[in-house]
Amino acid sequence: MALDRFGRNIHYLRISLTDKCNLRCVYCMPEDMVFRPNAELMQDDELLKLVQLFTSLGFDKFRLTGGEPTVRQHVVGLVRDIAAMPGVESLSMTTNGVLLKKLARPLKEAGLQRVNISLDTLDPERFHRITRRGKFDDVWEGILEAERVGLTPVKLNAVVVRGFNEQDVVEMARLTCDHPWQVRFIEMMPFAGATDFQQSQVVKAEEMQEQIVSALGPLELLNNGSLDGEARIYRLPGARGELGFISSVSLPFCATCSRARLTSDGKLRLCLLREKEVDLLTPLRQGATLEDLRQVILNGIWHKPWGHGLAEGEVALNRVMSEIGG
Ligand code: SAM
């Protein structure tokens, strides 16, 4: 079991399969983002070795992310190998959905259990403005295909940014009336320097809820108010699906954090919004034994920061979101 010094049991690993992406979302990376050369990224055998190591430390929940995980070569084979590892109880993916029409079925057959698909608006023009290159229809077809093949419950992630899509909150919420999906609204986290966004463009969950309630009716709190992952869950009257609010900025959930992240270049990132990382790939390539690496991981986890400092204006500068994985 991997414990940190605050007594939190860290057993959930988000693995970034690549820093590359087929979109350039405005809040996630700069338009002229330069990606790392492949040689700097974990190769398939290295990635699998590290995942195995994490399972031996009690990690049982894994999420594949990126960049865009579906653009990683051999993604289906990697999913198959990870899903088959003893100790892997939960295996899901966060994706922009662009390639899901083609990949949802092979991914499901390989052992992927669920997907979270990022979609910030239902308006094709605004979608293109936010993603700088994407086509709304590709993602929509990807969502339907994910549902058809059973990558369920489908969860949609919408980052809300003032000046871009705050007018879409109600229509996104309305999707849950007809679809058994969980639409999750995410407060944008500002990454200084790398994107142009400021605290003033963060739309807080409370403001989103006010918009939804006045247009669609009262929200019923589900789960006794406990978090589902990082989201607080509600339902609209008579709706088939659920609404989730991820209030990382206004109401951080650091006390219940059970996560660590493995970046595509093999660094153990201990908090999404803190710069502290522990290099695993270099010692692996230099021939460290598995026991050495276990100690490096356990020591890193022990020193996991308590939480982020957004409220104090502290932001991580060393990576943008696409380089960490969200
Ligand atoms: N490419 C995949 C996708 O689009 O879902 C996976 C990687 S993306 C970095 C993972 C999640 O992070 C997405 O749901 C995305 O919307 C979210 N995200 C990216 N930048 C963010 C930011 N500045 N604040 C909050 N969430 C962000």
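For ligands, and for the atoms within them, numbers begin at 1 and follow the listed sequence. Basis for what follows: all heavy atoms, side chains included, without hydrogens, waters or symmetry-related copies.
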Using salt bridge (Lys or Arg N to Asp or Glu O under 4.0 Å) as the criterion, list what pairs up with R24, not counting sequence neighbours. none
If you measure from each non-hydrogen atom of [X] to ligand 1, which part falls under 4.0 Å: side chain, backbone, both or neither?
{"X": "T65", "result": "side chain"}
{"X": "T95", "result": "backbone"}
{"X": "V159", "result": "side chain"}

Taking 4.0 angstrom as the limit and counting only heavy atoms of [X], give me the atoms of ligand 1 inside it, by number and element.
{"X": "N96", "result": "2 (C), 3 (C), 4 (O), 5 (O)"}
{"X": "M189", "result": "22 (C), 23 (N), 24 (N), 25 (C)"}
{"X": "C28", "result": "9 (C), 19 (C), 20 (N)"}

Are any of the N or O atoms of [X] closer than 3.5 Å to those of ligand 1?
{"X": "S118", "value": "yes"}
{"X": "D120", "value": "no"}
{"X": "G326", "value": "no"}
{"X": "G67", "value": "yes"}
{"X": "N157", "value": "yes"}

Salt bridge or not for [X] and [Y], using N-O below 4.0 Å?
{"X": "R184", "Y": "E242", "value": "no"}
{"X": "D138", "Y": "K102", "value": "no"}
{"X": "R319", "Y": "E275", "value": "no"}
{"X": "E46", "Y": "K49", "value": "no"}
{"X": "K267", "Y": "D265", "value": "yes"}
{"X": "R126", "Y": "E171", "value": "no"}
{"X": "R285", "Y": "D279", "value": "no"}

With the threshold set at under 4.0 angstrom, would you say A158 reaches ligand 1 through any of its heavy atoms? no
Closest to atom 18 (N) of ligand 1 among R184, M321, K20 (heavy-atom distance): M321
All N/O donor-acceptor pairs, side-chain side in residues 301-309, below 3.5 Å, sequence neighbours left out:
residue, atom, partner, partner atom, Å
H303, ND1, N299, O, 3.0
K304, NZ, R259, O, 2.9
K304, NZ, L270, O, 2.8
H308, ND1, L310, N, 3.1
H308, NE2, S248, O, 2.8

